[in-house]
Amino acid sequence: MNFVEELRWRGILHDIMPGTEELLNKGMAAGYIGFDPTADSLHVGSLAQIMTLIHFQRAGHKPYALVGGATGMVGDPSGKSAERNLLSEEVLQHNLAGIQSQLEKFLDFNSGANSAEMVNNYDWFKDFSFLNFIRDVGKHITVNYMMAKDSVKNRINGDTGMSFTEFTYQLVQGYDFYYLWKHKNCVLQMGGSDQWGNIVTGTELIRRKDAGEAYALTTQLIKKSDGSKFGKTEGGNIWLDPQKTSPYKFYQFWLNTSDADAKTYIRIFTLFDEATINALETEQDAAPHLRTLQKALAKDITIRVHGEAEYEKAIKSSEFLFGNSDIAFLNELSDAEIIGIFEGVPNFTIEKSALTAGINAVDLLAAQTAVFPSKGEAKKMIQGGGVAINKAKIGAAEDVYNIDTLINEKFIIVQKGKRNYFLIIAE
RNA sequence: GGGGGGAUACCAGAGCGGUCAAAUGGGACGGACUGUAAAUCCGUUGCUUCGGCUACGAAGGUUCGAAUCCUUCUCCCCCCA
């Protein structure tokens with residue numbers, strides 16, 4: 001199936017420049033997507049863009065992943081209501097390295113003619129002087145044109161204004177496209193729908209500067225059906241880096257997808273074909289409580305991002321934590337096995353001696369450990385019936401726990417709400 | 001340069017001398033219901049040794065008492081030039 005068709009039936013495609021599809025149907029073409037180095041890891045939001053590149057490569061085209069060493073220094077105003085803080089160069093370098101190593105996991109860098117390639121726009125911007133830039137690039141694009149962009153208009157009409165630096169952003173990104181077009185024969189830039197304006201500045205620059213043809217394609221912004229932002233949980237962003245978001249948490253994130261969203265996500269984030277997805281949906285509709293879609297979705301993505309072994313562990317942990325197994329089950333496990341199950345769960349270490357005299361629930365959870373940031377909050381939530389120790393709800397804030405509470409003389413399991421587990425290790 | 005308006009908790013936004021740790025809405029978190037879903041309903045949403053303490057842009061002042069009045073400063077918005 002051709003690339004554009006693939007994106008279309010998956011519901012990924014948002015906008016496409018006329019002529020793009022014809023061009024891609026003619027044979028192998030090169031295209032790219034830029035990734036912003038605002039953090040040292042990509043998050044699930046970027047995963048959608050990665051999938052686009054994967055589809056692109058699977059359709060026989062050559063994908064470039066661009067990391068924005070230069071654009072990251074400027075800051076994209078698209079979708080932002082306020083001026084962005086600039087990243088320092090060291091932070092940027094660190095972030096670039098992290099992102100680069102993650103991207104390498106998803107694309108095939110060794111598939112002959114259409115091998116993926118990684119580029120960093122810092123390479124062609126670092127020696128590009130300001131004067132040369134305004135003469136070679138700035139000259140071709142009018143301010144009128146730049147002002148017409150939504151990202152600029154919104155900011156100019158808003159309260160916060162916009163610095164010259166951010167105003168320049170679209171030119172900098174536009175030049176990226178020009179550079180890749182010129183030197184790598186890259187004829188297509190892809191990105192989220194918020195990138196349309198920036199991408200088109202690139203095609204425009206190519207047209208005006210060299211009378212060249214280049215194309216644009218954008219993908220749907222991912223939204224949750226309830227309108228809230230995709231990729232966030234109580235704990236913050238969901239990252240691809242296992243140090244930042246444990247594979248268990250990662251798996252849980254996808255498993256907790258709502259029914260409505262699961263149907264769109266399975267098309268966006270997995271490579272299952274249409275028939276497979278339809279079959280999964282039929283199953284889901286017949287027995288929604290089994291959450292067939294969520295499980296398939298979570299499994300596929302977790303394996304692709306963290307590997308089979310981590311997925312197995314996440315499953316094991318999930319089954320224990322959310323299954324019907326009672327606490328006695330843990331007594332039959334070794335310390336190492338218990339730690340394994342709780343691997344992705346936040347843990348705290350306390351002195352065993354803190355328990356010998358007995359300790360009340362609030363002190364245990366807010367003073368000895370940081371399950372709660374303050375005693376007041378711990379107390380409130382205990383009163384609200386939202387906290388459990390060893391799967392038994394804490395009745396009152398004054399309830400006292402001691403050595404006997406320990407499982408295997410070493411562990412205490414804390415639940416905050418239904419889904420948030422903590423492990424306390426007493427040593 | 002002249003004139004006017006504003007800054008309140010995560011956000012929006014009321015309060016304009018005591019009854020204000022601050023209405024209301026949203027968000028977030030928790031509970032019930034369920035399927036670790038959605039919707040709905042309910043609760044919580046500054047810290048605390050539960051005596052208090054710190055808070056309404058910042059610093060001073062008036063007052064028995066200030067988010068509320070006065071002075072200075074910082075920042076933002078609007079109109080005129």
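Look at CG on Asn256(A): it is 18 Å from P on U34(B), rounded to the nearest Å. In this structure, Lys380(A) atom NZ and G31(B) atom C1' are separated by 16 Å, rounded to whole Å. Lys416(A) places its NZ atom 8 Å from the C1' atom of C29(B), with the value rounded to the nearest Å. When rounded to the nearest whole Å, the span between CD of Glu398(A) and P of C50(B) equals 11 Å. Atom CZ of Phe372(A) is separated from atom C1' of U48(B) by 17 Å (rounded to the nearest Å). Distance Tyr248(A) OH to U36(B) P: 13 Å, rounded to the nearest Å. Distance Met381(A) CE to C47(B) P: 11 Å, rounded to the nearest Å. Computed from coordinates, the Ile266(A) CD1 to A37(B) P distance equals 18 Å when rounded to whole Å.
Syn is the conformation of G51(B), whose glycosidic angle sits no further than 90° from 0.
Candidate nucleotides A32(B), G35(B), U36(B) were compared by shortest atom distance to the side chain of Lys393(A), and A32(B) ranks first. Among the nucleotides G35(B), A37(B), G31(B), the one closest to the side chain of Ser258(A) is A37(B).
Comment: Lys313(A) engages Glu343(A) in a salt bridge, judged by a side-chain N to carboxylate O separation of less than 4.0 angstrom. In this structure, Lys316(A) does not pair ionically with Glu312(A), as no charged nitrogen and carboxylate oxygen lie closer than 4.0 Å. With respect to Glu283(A) and Lys295(A), no salt bridge is recorded, no charged nitrogen being found less than 4.0 Å from a carboxylate O.
Comparing the C1' positions of G18(B) and C29(B) gives an interatomic distance of 34 Å, to the nearest angstrom. For U24(B) and C20(B), the C1' atoms lie 15 Å apart once the distance is rounded to whole Å. Atom C1' of G15(B) sits at a distance of 16 Å from the matching atom of A55(B), rounded to the whole Å. Using atom P as the reference point in both G43(B) and C50(B), the two lie 28 Å apart (nearest Å). Taking atom P in both A58(B) and A9(B), the straight-line distance is 10 Å, to the nearest Å. A gap of 31 Å separates the P atoms of U48(B) and G13(B), to the nearest Å. Taking atom C1' on both nucleotides, A28(B) is separated from C75(B) by 29 Å, rounded to a whole Å. G17(B) and A66(B): their P atoms are spaced 14 Å apart (whole Å).
Considering CD of Glu5(A) and CD of Glu21(A), their distance stands at 6.0 Å, rounded to 0.5 Å.
OP1 or OP2 of U48(B) lies within a sub-4.0 Å distance of a side-chain N or O belonging to Ser374(A). Distances shown here put a side-chain N or O of Lys375(A) below 4.0 Å from the OP1 or OP2 atom of U49(B). Contact check, Arg419(A) against A37(B): a side-chain N or O comes under 4.0 Å of OP1 or OP2. Neither OP1 nor OP2 of U36(B) sits under 4.0 Å from any side-chain N or O of Asn420(A). In terms of phosphate contacts, Lys379(A) brings no side-chain nitrogen or oxygen within less than 4.0 Å of OP1 or OP2 of G30(B).
Remark: C47(B) base-pairs with G52(B); criterion is Watson-Crick or G-U wobble with both hydrogen-bond distances under 3.5 Å. Nucleotide G1(B) forms a pair with C80(B), judged by Watson-Crick or G-U wobble geometry with both contacts under 3.5 Å. With both pairing distances under 3.5 Å, C75(B) is matched to G6(B) as a Watson-Crick or G-U wobble pair. Pairing of C41(B), defined by two Watson-Crick or G-U wobble distances under 3.5 Å, is identified with G31(B). Across all strands shown, nothing is found opposite A23(B) as a Watson-Crick or G-U wobble partner with both distances under 3.5 Å.
Residue-to-nucleotide contacts include a donor-acceptor pair under 3.5 Å from the side chain of Gln252(A) to the base of U36(B).
Scored by the salt bridge (Lys or Arg N to Asp or Glu O under 4.0 Å) test, Asp136(A) finds no partners at all (sequence neighbours excluded). In this structure, Asn278(A) has no side chain to side chain donor-acceptor pair (under 3.5 Å) partners at least two apart in sequence or on a different chain.
In this structure, a donor-acceptor pair under 3.5 Å is absent between the side chains of Asp285(A) and Thr282(A).
Contact annotation for Lys418(A): base contact, defined as any heavy-atom pair under 4.0 Å involving a base atom. Among the atoms of the strands shown, none is found under 4.0 Å from any heavy atom of Gln383(A).
For the pair Lys391(A) and Phe320(A), the cation sits on the ring face: its NZ or CZ lies under 6.0 Å from the ring centre, inside 45° of the axis.
Across the interface with RNA chain B, nearest-nucleotide mapping of Ser318(A) and Gly417(A) shows Gly417(A) to be the residue nearer the 5′ end. Nearest-nucleotide assignment on RNA chain B puts the 5′-proximal partner with Leu255(A), out of Leu255(A) and Asp363(A).
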